[in-house]
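Note: hydrogens, waters and symmetry copies are ignored here, and every other heavy atom, side chains too, is used. Order of listing sets the numbers, starting from 1, for every ligand and every atom in it. In what follows, residues are counted from 1 in the order of the sequence shown.
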Amino acid sequence: MNAPLKNDRLEWLQGPAAASDHSPKCSAVPKERTNPWRLVLLGSPGVGKGTQAELLTERLGACHLSTGDVFRAAGKTPDCDKSAAMKAALEFMRRGELVPDSTVWDMVRERSRCILNCGGFILDGFPRTLAQAESLRKLMEEGKLSLSAVINYELPVNEIVQRLSGRRTCEKCKSVFNVKERPPKVEAVCDHCAGRLLQREDDLPEAITVRLEAYERLTAPLINFYESLGLLMPIAARGTPDEILARTLEKMNAVTAEHV
Ligand code: ADP
């Protein structure tokens with residue numbers, strides 16, 4: 001059976017350049033829903049957020065909005081097309097450090113149509129600091145929207161390191177595999193689009209340590225922030241991607257039966 005058509009997320013990945021008139025340019029636009037899911041995914045790097053975001057996207061029909069994917073897509077454009085802020089952002093990323101809040105927010109704000117869309121979204125990798133969470137809150141308040149839930153994927157550090165070092169990403173469609181836990185059918189070839197599977201530069205050992213430290217210091221405080229707003233949904237990130245998805249959907253179902 002052929003895989004369903006994947007949304008190329010052009011408007012999110014390329015920003016205003018892809019949406020110069022008022023019609024969205026993505027290959028698949030989410031259906032308008034009365035009560036769409038608007039989710040934030042939290043969890044340490046390597047916990048499997050990207051994989052779960054893809055599975056949830058297929059299941060819920062919302063847009064997968066990953067800030068890391070935007071930076072990686074920008075990294076592939078010719079140097080002369082990159083702004084100074086983007087060049088600097090890519091250096092932070094290569095070292096495994098967080099990109100400054102102002103750069104991230106400029107990038108997200110110019111893609112606000114993706115967040116304000118009527119089919120919902122799954123934010124993956126944003127917000128990553130309390131300042132970013134506050135910017136998101138204001139944007140959503142202006143659009144009279146609220147988050148449905150914040151899913152926090154939990155996993156012990158030793159398993160996280162194993163996942164990060166085994167991760168391989170498709171250079172074309174960005175699907176994520178793991179050489180141990182979720183291998184592709186053919187080695188180094190994407191199951192969905194036959195693109196080459198590559199190891200991310202920031203999945204090399206030195207960068208992994210920096211990323212885990214940045215997570216503990218700057219992103220982990222968001223857990224308490226969203227818990228105090230009554231939005232936090234902790235999920236054990238153990239097992240296969242499908243098991244984790246089932247656990248997530250079960251919890252979401254318990255929150256409200258009408259969404260799924
Ligand atoms: P991870 O697997 O580490 O969660 P991501 O794909 O979400 O990876 O992000 C990769 C890198 O992009 C981060 O390490 C960071 O340098 C940069 N980045 C992505 N999103 C943000 C953000 N919201 N704030 C700051 N930096 C970010």
> Would you find a donor on one side and an acceptor on the other, under 3.5 Å apart, between the side chain of N117 and the backbone of G120?
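Yes, because the side chain of N117 sits within donor-acceptor range (under 3.5 Å) of the backbone of G120.
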> Looking only at distances, please establish whether an N/O atom of ligand 1 is found under 3.5 Å from an N/O atom of T67.
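Yes, since at least one N or O of T67 sits under 3.5 Å from an N or O of ligand 1.
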> Checking a contact table here: which protein heavy atom is nearest atom 5 (P) of ligand 1, and how many Å away?
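Minimum-distance protein heavy atom for atom 5 (P) of ligand 1 reads R128 NH2, 3.7 Å.
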> Measuring only between side-chain heavy atoms, which start at C-beta, is E54 closer than 4.5 Å to K174?
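Sidechains of K174 and E54: no contact.
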> Give the residue and atom name of whichever protein heavy atom lies nearest to atom 26 (N) of ligand 1, and the separation in Å to one decimal.
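The answer is V99 N, 3.0 Å.
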> Report the nearest protein non-hydrogen atom to atom 3 (O) of ligand 1: residue, atom name, distance rounded to 0.1 Å.
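Checked against all protein heavy atoms, atom 3 (O) of ligand 1 sits closest to R211 NH2, 2.8 Å.
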> Salt bridge between E171 and K76, side-chain N to carboxylate O under 4.0 Å?
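No.
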> How far is atom 18 (N) of ligand 1 from the closest protein heavy atom, and which atom is that?
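Nearest protein contact, heavy atoms only, for atom 18 (N) of ligand 1 is F71 CE1, 3.7 Å.
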> Heavy-atom distances under 4.0 Å are what count here, so tell me which part of R200 touches ligand 1: side chain, backbone, both or neither.
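Side chain only; the backbone of R200 stays clear of ligand 1.
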> Can you name the one residue among R167, R163, R168 that meets side-chain hydrogen bond (donor to acceptor under 3.5 Å, both in side chains) with D203?
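Per the side-chain hydrogen bond (donor to acceptor under 3.5 Å, both in side chains) rule, the option paired with D203 is R167, out of R167, R163, R168.
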> Using 4.0 Å as the upper bound for N to carboxylate O, is an ion pair formed by K138 and E141?
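No, no charged N to carboxylate O under 4.0 Å.
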> Would you kindly specify which portion of D202 sits under 4.0 Å from ligand 1, judged on non-hydrogen atoms: side chain, backbone, both or neither?
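Side chain only.
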> Does V47 offer a backbone N or O that forms a donor-acceptor pair with the side chain of S44 under 3.5 Å?
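Pair absent, no side-chain N/O of S44 close to backbone of V47.
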> Nearest to atom 6 (O) of ligand 1, what protein heavy atom do you find, and at what distance?
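Atom 6 (O) of ligand 1 sits closest to the protein heavy atom R72 NH2, 2.7 Å.
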> Using a 4.0 Å cut-off to any heavy atom of G68, which atoms of ligand 1 qualify?
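Ligand 1 atoms under the 4.0 Å threshold to G68: 5 (P), 6 (O), 9 (O), 19 (C).
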> What I want to find out is whether R247 reaches E250 closely enough, with some N-O distance under 4.0 Å, to be called a salt bridge.
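So R247 does not pair with E250 through a salt bridge.
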> What do we get for R167 next to ligand 1 when only non-hydrogen atoms under 4.0 Å count, side chain, backbone, both or neither?
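It is the side chain that gets close, since no backbone atom is under 4.0 Å.
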> Taking the six-membered ring of F92, is the NZ or CZ of R95 close enough (under 6.0 Å from the centre) and on axis enough (within 45°)?
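Checked: cation-pi criterion met.
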> So, taking the atom named CD in Q52 and the one named OG1 in T248, what distance separates them when rounded to the nearest 0.5 Å?
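With rounding to 0.5 Å, CD (Q52) is 5.0 Å from OG1 (T248).
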> Considering non-hydrogen atoms of the protein only, which is the closest contact for atom 11 (C) of ligand 1, and what is the distance?
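Scanning the protein heavy atoms, the shortest distance from atom 11 (C) of ligand 1 goes to M93 CG, 3.6 Å.
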> What do you reckon, does G125 have a nitrogen or oxygen under 3.5 Å from a nitrogen or oxygen of ligand 1?
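The answer is yes, given that G125 and ligand 1 share an N or O pair closer than 3.5 Å.
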> Could you check atom 24 (N) of ligand 1 against the protein and tell me its nearest heavy-atom contact, residue, atom and distance included?
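Nearest neighbour among protein heavy atoms for atom 24 (N) of ligand 1, to 0.1 Å: Q132 NE2, 2.9 Å.
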> For atom 15 (C) of ligand 1, grab the closest protein heavy atom and report residue, atom and distance to one decimal in Å.
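Here the nearest protein heavy atom works out to E97 O, 3.6 Å.
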